Every structure is written in C-alpha cells, then in structure tokens.
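Reading through the structure tokens given below for one structure.
Both backbone and side-chain heavy atoms feed into the values below; hydrogens, waters and symmetry mates do not. All values reported here derive from a predicted model rather than from experimental measurement. Residue numbers start from 1 in every chain, and the chains themselves are labelled A, B, ... in the order their sequence lines are given, proteins ahead of strands.
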Protein chains: 2
Amino acid sequence: MPGSARGGEGLSIAGVAQRAGVSVATVSRVLNGHSNVRPETRDKVLTAVATSGYRVNELARNLRTAESRLLLTMVPDVGNPFYAEVIRGIDFVARQHGYFMLLCDTGADPGRERSYFDLLRRRRADGAICLDPATVQQALAEESNALPWVACCEFDSSVGVPYVGIDNYRAAGDAVRHLLARGHRRVALINSDDHYLYAQQRQQGYMDALRDAGIAPDERWRINVNSLDYEAGASAAALLMTYADAPTAVFAVSDTLAIGVMSGLRRVGKRVPHDVAVVGFDDISLAAQIDPPLTTIAQPMRELGETAARLLLQRLANRNENVPGVLLPHRLVVRQSA
Amino acid sequence: MPGSARGGEGLSIAGVAQRAGVSVATVSRVLNGHSNVRPETRDKVLTAVATSGYRVNELARNLRTAESRLLLTMVPDVGNPFYAEVIRGIDFVARQHGYFMLLCDTGADPGRERSYFDLLRRRRADGAICLDPATVQQALAEESNALPWVACCEFDSSVGVPYVGIDNYRAAGDAVRHLLARGHRRVALINSDDHYLYAQQRQQGYMDALRDAGIAPDERWRINVNSLDYEAGASAAALLMTYADAPTAVFAVSDTLAIGVMSGLRRVGKRVPHDVAVVGFDDISLAAQIDPPLTTIAQPMRELGETAARLLLQRLANRNENVPGVLLPHRLVVRQSA
DNA sequence: GTGAAAGCGCTAACAA
DNA sequence: TTGTTAGCGCTTTCAC
C-alpha cells in the first residue's frame with residue numbers, strides 16, 4: 001500500500017493522492033496553492049487531506065526546494081532585556097514572511113559562534129543575524145562573506161556586510177553632555193569589553209565630550225567589564241567609590257549595568273542622584289520602574305530587530321543586490337537618576 | 001561533472017567521492033564515523049573534504065534519517081527573566097545532545113501556539129517543550145498526546161504528558177506564612193490570569209494559609225493580571241492602596257510583578273517594607289539588586305529547563321517508555337522587602 | 001572494506 | 001487540467 005504509512009506514523013503525499021484518486025503532482029499543486037487545478041479536483045484532494053489528517057513533511061520539502069525557512073539569530077545573551085526585545089523584533093518580521101527563528105545564545109564565545117554559524121553552511125538555516133562582537137564578526141566575514149548574514153546592533157561598517165545599529169559615538173556624547181550640563185566634572189564610564197566595537201565607539205564619544213568641555217578624562221574612571229549583568233555594574237561602582245576623588249557621575253553603557261551600579265552605590269551608602277548621578281543605555285522597560293527612575297539613552301530595540309530581519313530577507317530575495325547599512329535614531333530620556 | 005556544484009554553490013557528497021576516488025557510500029561512512037573503513041581510505045576522504053571545503057547538507061540528511069534534530073520550545077514571553085533562564089537550561093542540555101532549540105514566543109496565544117505546534121507534525125522539530133497555560137496544553141493534548149512533547153513549569157498532571165515543575169501550592173503557602181509570621185493580617189495576592197494552573201494552585205495555597213491562620217481572605221485583595229510585566233504590578237498596587245483598609249502586605253506570583261508593585265507603591269508614597277511588605281516569586285537575578293532587595297520564593301529555573309529537555313530527550317529515545325512527572329524543590333529567600 | 005543502488009517525501013519539468 | 005518521472009543529497013542495505 002504505497003504511501004500509506006511512514007515510519008509507522010503519518011501519511012505521505014502518495015497516500016493522499018491514492019485516497020483522492022489523483023496523482024502526487026496534483027496533490028502537491030493544491031497543497032502549494034497553484035491555480036491550474038480544477039475546483040472539483042481541488043476539493044477531492046482537500047477532503048482527502050482533511051480526513052486523513054495528513055501533514056506535509058517539511059524535511060522533504062526543504063530538501064527539494066533547497067531552503068530551510070529558518071533564520072539563525074546569534075546573540076551574546078538572551079537573558080539581557082535589551083537583546084530580548086531585539087529578538088522579538090526579528091521574530092516578528094521573520095514570521096510575517098514565513099520564516100522561523102533559530103535562536104542561539106553564543107555567550108559571545110567565538111567557538112560557539114563558529115559552530116552555530118556552521119548551521120548556515122550546512123543548510124540548516126537560510127540566513128543569519130549576528131549580534132556578537134565585531135571581532136568575531138570579522139572572523140566570520142573572512143571565511144565567508146558570501147553567506148547571507150547581516151549584523152545587528154554591533155557592526156563594523158568596513159566588513160562589507162549589511163547592518164543596522166545606532167550612532168554609538170553620538171549617543172555616548174549625548175549622555176555625557178547631559179551630565180556635564182548638570183555640573184558634573186568627574187564622570188566615570190562603565191563599559192563593555194573591547195571586543196565590542198560599540199564599546200570603543202561609546203568610549204570615544206565619552207572622551208571627546210569630556211575633552212570638548214575642557215576635561216582631561218582620568219583613566220581610573222574608565223572601567224571595562226566582561227558581562228552586562230547587574231553584579232558587574234555593582235562591583236564596578238564599589239571600586240569607583242574607593243577613590244578619594246570619586247566620580248560624581250557614572251555613565252554605564254547598558255541599563256542592566258546602570259541598575260547594578262545603583263545597587264552597588266547603595267551598598268556603600270551613596271545616594272542617587274544626590275551623591276552620584278547615573279546614566280544608562282538602552283531604555284529597557286525596567287529603567288522607568290526602579291528607584292530612582294533611570295535616565296538613559298533609548299535605543300529603538302524592536303525596530304533594530306525588525307530592520308535586521310528585513311535586511312536579511314532582502315539579501316535572501318536578491319543575492320547580488322547590495323544591501324545598505326542603516327543607522328536608527330537614539331534619544332536621551334531624562335528621568336531622575338541624573 | 002557529477003556532484004560538482006549544487007545550485008551554483010557548495011559541493012555534494014558525490015563531488016567529494018569523485019575527488020577522493022571512492023564511492024559516496026564510503027564518504028558517508030567516514031563522515032558518520034563508522035569503523036569499517038580502512039585508515040588510508042579514510043584519510044583520502046578526509047583530505048578531499050578538507051581541500052574542497054565540503055559541508056554536509058543537513059536538509060538531505062534530515063530527510064533520510066527522518067529527524068530534524070530541532071527541539072521546539074514554546075514560551076509565553078521570552079522577555080521575562082524567569083523564562084529566559086529556563087530557556088538557557090533547555091538550550092544547554094539540548095546542545096549537549098546534538099540538538100538545537102527552536103524558540104517560539106507564543107504570547108500565551110492559543111492560535112500562535114497551535115501554529116507552532118504544527119511544526120512538530122510537519123517534522124520541522126523532533127519534539128517540543130511547552131511552558132504555556134494549561135488550558136492551551138489541554139487542547140494540544142486532546143488532538144495529539146501521541147506527539148513527543150513535555151510540559152515545563154506550567155503543567156496539568158492529569159493530561160498524561162511528562163512534566164517538570166514545582167509544588168506551587170506549598171510554595172505560595174510558604175510565602176504567605178512568612179508574611180503572617182511577621183504579623184501581617186491583611187495580605188493581598190497579585191496573580192497571573194486563571195488560564196495558568198499554577199495561578200490557581202498558588203491562589204489556593206494563599207487562601208489555605210490565610211484560613212489556617214484564622215483569616216478570612218478579602219476578595220478585593222486578590223487581583224489577577226494578564227501580563228507579568230512591571231506596569232501590571234504597578235497598577236495593581238495602586239489599586240490596592242485606594243482601599244481604606246489597604247493591605248499591609250502583598251504577595252506577587254512573579255518577581256517582575258513584585259518589582260512593579262514596589263514601583264507602584266512608591267508612586268503613591270508608600271514605603272517598602274515599612275508601610276507595605278512585598279514578597280515575590282522566582283528569584284530572578286534582579287531580585288537581589290533592587291531597593292529594598294526582594295524577599296521571594298526561589299525556583300530552580302535553570303534546572304527546570306534542563307530537566308524538561310532531559311525528559312523530552314528520554315521520550316524521544318524511547319517512545320513507549322513512560323516518562324514520569326517530576327517536582328523540583330523551591331525555597332523561601334528572605335531579603336528586606338518583607 | 002568497498003561499491004551499486006534503492007529510496008526518504010517532496011516539487012517541477014515535461015508530456016499528454 | 002492532470003499524470004509520469006526525474007531528481008534534491010543523503011544513509012543504508014545488500015552484494016561483492
């Protein structure tokens with residue numbers, strides 16, 4: 001009995017064809033919504049499908065059409081609310097276009113990153129979106145900028161891969177200038193590690209804003225941490241407060257870090273913003289809820305994700321058209337922490 | 001030239017075979033690490049693979065082996081830190097066993113849930129882990145408890161599907177008894193919506209703990225919200241505080257809710273824990289960082305995810321062995337909010 | 001130890 | 001409008 005059972009469960013297209021008294025080609029045609037099928041034939045097939053509980057085997061379809069309809073998303077940390085929101089944006093437009101998202105948490109580790117990227121080469125995914133450090137992106141680009149992938153949030157415009165992000169240099173400058181305007185002269189920077197290009201750009205924005213105000217930045221006030229979690233911010237803040245001439249303001253490059261900073265400050269008896277002002281980055285939903293509400297640089301998180309997905313889809317649709325890099329606007333949100 | 005190019009890019013196994021001067025069967029054997037290949041032959045193949053940059057086409061392999069090696073994870077909200085951590089656990093053991101995770105954010109919507117679940121039927125995923133409301137799980141179970149899936153965190157032990165979770169009834173009781181021990185008599189409950197069985201169980205735990213202390217729970221103090229985000233907690237708290245005999249303690253079934261509650265309390269000038277005590281649920285990393293640090297019921301988030309993945313893998317390995325339901329321990333973490 | 005060949009379930013020429 | 005058939009690239013008997 002052809003196509004009646006597959007591996008003991010389910011039915012193949014041949015089984016449906018038999019039930020409907022048509023050929024497999026016809027079944028395939030109605031399944032794929034082709035127009036050149038007589039209505040009555042279509043109905044026959046449709047009822048056969050309905051009564052048999054048939055479900056297309058996408059493994060077979062994928063092989064035949066040579067696409068997986070999966071979009072790979074590589075992110076340093078799914079747990080970070082910023083990334084979570086970007087991911088939502090990606091997922092949204094992916095689904096809109098009939099793709100699903102294969103989400104991979106790389107922990108910013110080049111090894112894991114590489115092995116995930118292999119999913120592209122092995123045809124498990126049709127394209128990829130990478131949010132990992134530029135250093136690992138460069139490595140990817142070297143071995144294969146022929147593969148369809150785009151950079152999101154973190155990008156190096158010189159690697160020749162489509163990207164979407166914000167102007168990190170200006171955004172950091174905006175944050176620092178806000179602090180300056182409030183009269184602060186000793187401003188600390190708590191930054192991601194240097195593998196991120198955005199960290200370098202934000203540091204430059206910080207330095208230049210300070211210099212433009214005639215302030216020589218003290219290097220003890222610049223701290224790089226290798227994780228964006230709360231605890232990292234808290235201990236950085238504690239360290240900062242051990243100096244006799246401790247900073248009166250802290251700019252942290254992530255809201256999670258900034259929230260950690262506030263927590264660390266509290267532990268050593270400092271009050272925000274009275275003793276120390278704090279500015280964060282991202283504007284995650286939590287920023288407005290904590291005490292005091294966090295002043296921060298808002299990134300259009302969801303749009304960042306949506307745009308990345310659209311750029312990728314565009315590359316997929318037209319392999320040789322060259323897709324642009326796009327910069328989205330940020331904005332300073334003044335609340336009570338600074 | 002057979003197998004030399006596929007769709008203009010890449011090489012098939014036939015191409016490698018040709019380069020190595022062996023048959024495709026032999027190439028397949030070395031690729032899959034079978035032992036019955038002569039070392040010299042193996043080397044020939046390996047160099048051919050290396051020099052040609054060949055990558056196996058997993059679309060083809062998947063069709064042939066009838067498995068996708070993808071695990072579907074359906075979660076109400078990836079943005080919630082609790083779920084994010086559970087997801088990490090799932091991803092960890094999945095990868096350990098050569099599977100990748102297909103993460104789907106259902107928004108607890110039955111429609112989306114169903115369409116995602118279809119990925120299982122269409123062979124895009126080998127198994128699924130569901131964290132969605134029991135009501136939607138029941139629907140899934142009705143149409144197909146033959147499909148390999150397990151429930152995680154949220155489960156109905158009567159649907160006959162493997163599950164992992166905690167004892168929600170006891171956990172809620174523990175939270176309330178802590179409040180009672182601190183002298184509170186007017187204790188509010190801010191709960192998820194009723195579609196979640198865990199919400200019902202926690203409510204029951206709350207009610208019974210109160211009754212056991214001789215307190216008749218006021219139903220104005222029970223609020224159900226349909227989202228676990230901060231704002232939901234904040235407005236619930238605000239509502240509670242409008243009563244003349246406002247509660248002196250609030251038990252929220254999620255830390256995110258509890259943090260929102262604290263924020264809402266602050267807005268109406270109430271101090272925690274002095275005016276109102278707050279207990280949360282989950283013990284996300286943020287709980288220890290806010291001001292005041294949150295007293296909460298800790299769930300073993302990561303283990304919950306890991307266990308779910310293991311249960312699923314077990315089901316996959318042995319379809320007819322019946323896999324148990326497992327309950328993991330929770331514990332009360334006393335900090336300063338109550 | 002190695003090769004020839006069948007076939008996984010589907011789509012898309014090509015024929016009729 | 002419909003059917004026949006040739007693959008997609010791989011794994012796996014079954015011969016040798």
**Q.** Verdict with reasoning, B/Asn62 to A/Asn62, per side-chain contact (heavy atoms from CB on, under 4.5 Å)
**A.** CA-CA 10 Å; B/Asn62 287 345; A/Asn62 288 344; over 6 Å; no
Q: Assign each of B/Arg61 and A/Thr65 to its nearest nucleotide of DNA chain D by heavy atoms, then name whichever residue's nucleotide is nearer the 5' end.
A: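 Whichever sits nearer the 5' end wins; that is A/Thr65.
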(Q) More than 12 heavy atoms of other residues, nucleotides or ligands under 6.0 Å from CG of A/Asn36: yes or no? (A)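 Enclosed.
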Q: Kindly check if the number of other-residue, nucleotide or ligand heavy atoms within 6.0 Å of CG (A/Asn318) is above 12?
A: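 Buried by this count: over 12 neighbours within 6.0 Å.
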Rounded distance in Å - [atom1] ([X]) to [atom2] ([N]):
X       : N      : atom1 : atom2 : answer
A/Leu63 : C/dA12 : CG    : C1'   : 14 Å
A/Asn36 : C/dA13 : CG    : C1'   : 13 Å
A/Ile13 : D/dT4  : CD1   : C1'   : 14 Å
A/Leu59 : D/dC8  : CG    : C1'   : 13 Å
A/Asn62 : C/dT11 : CG    : P     : 10 Å
A/Gln18 : C/dG9  : CD    : P     : 14 Å

Would you say a side-chain N or O of [X] is under 4.0 Å from OP1 or OP2 of [N]?
X       : N      : value
B/Arg38 : C/dT2  : yes
A/Asn32 : C/dT11 : yes
A/Ser23 : D/dG3  : yes

To the side chain of [X], which of [options] is closest?
X       : options               : value
A/Arg64 : D/dT2, C/dC10, C/dA13 : C/dC10
A/Ala60 : C/dC8, C/dC10, D/dT2  : C/dC10
A/Asn57 : D/dC10, C/dT2, C/dG9  : C/dG9
B/Ser28 : D/dG3, C/dT2, D/dT12  : D/dT12
B/Arg29 : C/dT2, D/dT2, D/dG9   : C/dT2
B/His34 : D/dG3, D/dT12, C/dT2  : D/dT12

(Q) To the closest 0.5 Å, what do you measure between CZ (A/Arg315) and CG (A/Leu312)? (A)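 Taking CZ in A/Arg315 and CG in A/Leu312, the distance rounds to 8.5 Å.
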Q | Rounded distance (nearest 0.5 Å) linking atom CZ of B/Arg124 with atom CG of B/Leu72 | A |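 Result: 10.5 Å between the selected atoms.
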Q. Between the base of C/dG9 and the side chain of B/Arg123, is there any donor-acceptor pair under 3.5 Å?
A.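 Checked by distance alone, the answer is no.
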Q: Verify, without hydrogens or angle tests, whether A/Thr41 (side chain) and A/Val37 (backbone) share a donor-acceptor contact under 3.5 angstrom.
A: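 Not confirmed, A/Thr41 side chain does not pair with A/Val37 backbone.
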Q. For B/Ala25, which contact category applies under a 4.0 Å heavy-atom criterion: base, sugar-phosphate, or nothing?
A.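 Since a base atom lies under 4.0 Å of B/Ala25, the category is base.
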Q: Indicate whether any N or O donor in one side chain lies under 3.5 Å from an N or O acceptor in the other, for B/Ser68 and B/Asp126.
A: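 Result is yes, a qualifying pair exists.
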Q. Would you say the side-chain atoms of A/Gln138 and A/Asp156 include a donor-acceptor pair closer than 3.5 Å?
A.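 Side chains of A/Gln138 and A/Asp156: pair found under 3.5 Å.
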Q: Kindly state which residues belonging to residues 39-47 of chain A come within less than 4.0 angstrom of DNA chain C, counting heavy atoms of the residue only, listed by number.
A: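 Under 4.0 Å from DNA chain C: no residue of residues 39-47 of chain A.
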Q. What is the ring orientation for A/Phe155 with A/Tyr163, classed by angle as parallel under 30°, tilted 30 to 60°, or perpendicular over 60°?
A.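 Judged by the thresholds at 30° and 60°, the geometry between A/Phe155 and A/Tyr163 is parallel.
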(Q) Could you work out how much the helix from C/dG1-D/dC16 to C/dA16-D/dT1 bends, comparing the axis of its first five pairs with that of its last five, to 10°? (A)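 Between the axes fitted at each end of the helix from C/dG1-D/dC16 to C/dA16-D/dT1 lies an angle of 40°.
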Q: For residues B/Phe100 and B/Arg69, determine if any side-chain heavy atom of one lies less than 4.5 Å from a side-chain heavy atom of the other.
A: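 They are not in contact (no side-chain heavy atoms under 4.5 Å apart), so the answer is no.
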